[in-house]
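Values reported hereafter were calculated over all heavy atoms of this structure, with side chains retained and with hydrogens, waters and symmetry mates removed.
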Amino acid sequence: MCTTKGMRKFKDNESGYLEWHEQNRTGFVFNHFGGNNPGYNVLHRSTCSFLWREKDEDTRTTVEKWCSATENELAQNIDDFVGKDMWKRCGICFRRSSQSSIKPIQSPVETRDKSNVSDVGGKAIGAALNAEKGIWVAGEPATWLGSGESEWKANVADRLREIPVEESPQWIEIEFRFTEDRLYAKDIDNLITPILESACEAGWIQPGFNQLGSVSAQKVVANHPSSTGVQIIPHAMPPQLSELPHNVLVETGLKRLDETSVKWALYDQAFQMFSENPELRFESGVVLAMDIRVTINNSQRRKSLKALLKPCIDGVEPILGTPDGRLPVPRKELSGRYLAPQDEMVTILDFHVRGGDQNHVAVAIRTLRENC
């Protein structure tokens with residue numbers, strides 16, 4: 001076996017890892033999860049967005065990091081100590097350097113099938129309340145207090161106040177535009193929440209979100225760094241819902257619809273599905289779309305769409321997968337471990353809350369592109 005002095009390992013050593021990264025911006029990092037599944041042991045460029053998700057701050061070396069200034073040196077060590085067939089290269093950051101780079105995802109404003117909007121007398125009653133192109137807010141969305149979320153929310157609310165709506169929208173479409181290297185840096189639910197809170201502050205949405213029934217969101221690649229921002233389109237009526245396209249569907253009935261009950265009911269169901277068929281679990285780094293549908297007993301219809309979004313996503317972690325490839329465990333064995341599903345890879349999300357006879361949650365997940 002070869003031993004290379006230039007390679008360094010960091011395990012539960014955040015400060016050392018950050019210091020190395022500052023000095024090796026063009027270097028390479030191997031996430032050494034262990035085990036015999038190559039999908040969980042992944043080599044990245046040191047600037048890969050998977051390594052710098054905001055929610056992983058202070059816990060990035062929980063999974064051991066092998067670091068080197070050169071790819072060949074690191075790959076040789078991985079082959080020697082892990083095995084040639086026991087690891088892979090990141091499909092996103094290595095693809096970015098090749099001719100087959102990530103192509104911009106088309107805007108839902110231009111490509112979404114408008115046939116899912118109700119039509120009465122030849123007029124689409126789901127038509128936008130304001131300008132057809134919606135409201136544009138420039139700048140990269142912030143999702144954490146330490147990264148400027150308060151300022152971002154204030155900016156969005158000020159922009160929405162400039163274009164007031166006569167009635168609260170029942171459906172909001174949101175398009176987030178990022179530079180290519182930032183497309184997978186932020187979780188889609190953390191992007192949506194500040195927009196909804198800003199819309200509420202601006203008077204678009206009533207407190208409690210009881211009239212808002214649908215949110216459609218998409219992350220796309222901006223044509224230029226100056227084009228980063230968010231496009232927001234309000235609709236007077238919710239969309240009609242068609243059948244759920246999916247690779248995997250996690251669904252469960254519930255007696256209660258509080259956030260905790262929703263999360264753990266979905267987790268238990270998703271873990272049972274994984275236990276019976278591990279192939280259902282999505283590998284880390286796969287680009288995904290998600291459609292969440294919550295049916296609320298009519299007597300409980302006043303449930304916040306915003307409050308239900310995160311538990312619906314967290315609850316399907318055993319199927320959705322995690323960025324570091326950790327295998328799921330039964331709920332009783334979590335031992336305080338926080339849930340961290342790979343929802344940064346969800347680039348299209350539709351979330352719908354409706355009244356019905358029984359409480360029910362269905363989460364449909366499908367792949368959009370192969371991780372190659």
Side-chain angles (χ1 to χ4, degrees), residues 112-113 116-118 126 168-174 187-189 192-193 196 205-206 208-217 235 237-277 280-282 288-321 328 330-332 334 339 341-343 346 348-367:
R112 280 189 184 271
D113 181 4
N116 67 343
V117 179
S118 302
S168 295
Q170 294 191 37
W171 172 29
I172 290 180
E173 288 189 274
I174 310 170
D187 299 349
I188 198 162
D189 64 315
I192 293 172
T193 297
L196 297 183
I205 301 174
Q206 293 182 348
F209 301 88
N210 60 301
Q211 290 192 10
L212 184 65
S214 293
V215 171
S216 301
H235 294 272
M237 295 293 288
Q240 287 186 337
L241 303 182
S242 57
E243 293 184 4
L244 280 168
H246 62 272
N247 295 113
V248 182
L249 178 66
V250 183
E251 57 181 340
T252 182
L254 303 109
K255 293 183 179 180
R256 296 171 54 85
L257 265 172
D258 58 274
E259 298 173 42
T260 300
S261 298
V262 169
K263 178 174 69 176
W264 294 122
L266 283 171
Y267 188 94
D268 291 341
Q269 179 63 25
F271 181 77
Q272 180 179 344
M273 294 171 64
F274 166 79
S275 300
E276 296 172 354
N277 188 359
L280 292 177
R281 180 177 171 86
F282 293 96
L288 301 168
M290 181 180 291
D291 193 316
I292 304 172
R293 300 187 182 182
V294 179
T295 303
I296 301 175
N297 180 279
N298 283 327
S299 64
Q300 305 178 44
R301 179 62 186 87
R302 292 179 179 272
K303 287 290 183 180
S304 168
L305 179 150
K306 182 180 77 72
L308 292 171
L309 178 58
K310 183 173 177 57
C312 285
I313 295 176
D314 285 351
V316 296
E317 185 200 81
I319 293 295
L320 187 59
R331 193 208 313 181
K332 63 182 179 180
L334 285 172
L339 300 179
Q342 59 167 343
D343 46 326
V346 177
I348 296 176
L349 186 142
D350 291 288
F351 192 91
H352 310 283
V353 178
R354 298 288 186 272
D357 295 331
Q358 298 179 3
N359 296 327
H360 184 266
V361 178
V363 182
I365 311 170
R366 69 182 190 278
T367 56

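- Side chains of Ser214 and Asp350 form no contact here, defined as non-hydrogen atoms less than 4.5 Å apart.
- Smallest separation of non-hydrogen atoms from Leu257 and Thr295: CD1-O, 4.0 Å.
- Of the possible donor and acceptor atoms, none in the side chain of Arg281 sits under 3.5 Å from a partner among the backbone N and O of Met273.
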Go through Glu251 and His360 one step at a time and tell me if the side-chain contact (heavy atoms from CB on, under 4.5 Å) criterion holds.
CA-CA 7 Å; Glu251 57 181 340; His360 184 266; 3.2 Å; yes

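- The closest side-chain heavy-atom distance from Val363 to Ile319 is not below 4.5 Å.
- Looking at every heavy atom in both residues, Leu212 comes nearest to Pro169 through CD1-O, 3.7 Å.
- Side-chain atoms of Ile313 and Leu349, non-hydrogen and from C-beta on, do get closer than 4.5 Å to each other.
- Aromatic ring orientation, Phe274 versus Phe271: tilted (interplanar angle from 30° to 60°).
- For Arg354 (side chain) and Gly213 (main-chain N/O), a donor-acceptor pair under 3.5 Å exists by modelled atom type.
- Without hydrogens or angle criteria, Gln170 side chain to His235 main chain gives no donor-acceptor distance under 3.5 Å.
- Under the 3.5 Å distance criterion, the side-chain polar atoms of Asp189 are left unmatched by any main-chain donor or acceptor of Lys310.
- For the residue pair Pro330 and Tyr267, the shortest heavy atom distance occurs at C-CE2, 4.3 Å.
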| message | Quick one, Val248 with Val316, criterion side-chain contact (heavy atoms from CB on, under 4.5 Å). Give me CA distance, side-chain angles, the key distance, then yes/no. | response | CA-CA 11 Å; Val248 182; Val316 296; over 6 Å; no

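- Side chains of Ile188 and Met290 form no contact here, defined as non-hydrogen atoms less than 4.5 Å apart.
- Of all heavy-atom pairs spanning Asn247 and Arg366, the tightest one is OD1-CA, 3.0 Å.
- Here the side chain of Asp258 pairs a donor or acceptor atom with the backbone of Thr260 at under 3.5 angstrom.
- Leu266 is listed as a side-chain neighbour of Cys312, based on a closest heavy-atom distance under 4.5 Å.
- Between Asp291 and His246 there is no side-chain heavy-atom pair separated by less than 4.5 Å.
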Task: side-chain contact (heavy atoms from CB on, under 4.5 Å) evaluation trace for Lys255 with Asn359 - done: CA-CA 7 Å; Lys255 293 183 179 180; Asn359 296 327; 6.0 Å; no

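- Looking at heavy atoms from C-beta onward, Val262 lies out of side-chain contact with Val294 at the 4.5 angstrom threshold.
- At least one donor-acceptor pair closer than 3.5 Å links the side chain of Asn297 to the backbone N or O of Asp357.
- Between Phe351 and Ile192 there is no side-chain heavy-atom pair separated by less than 4.5 Å.
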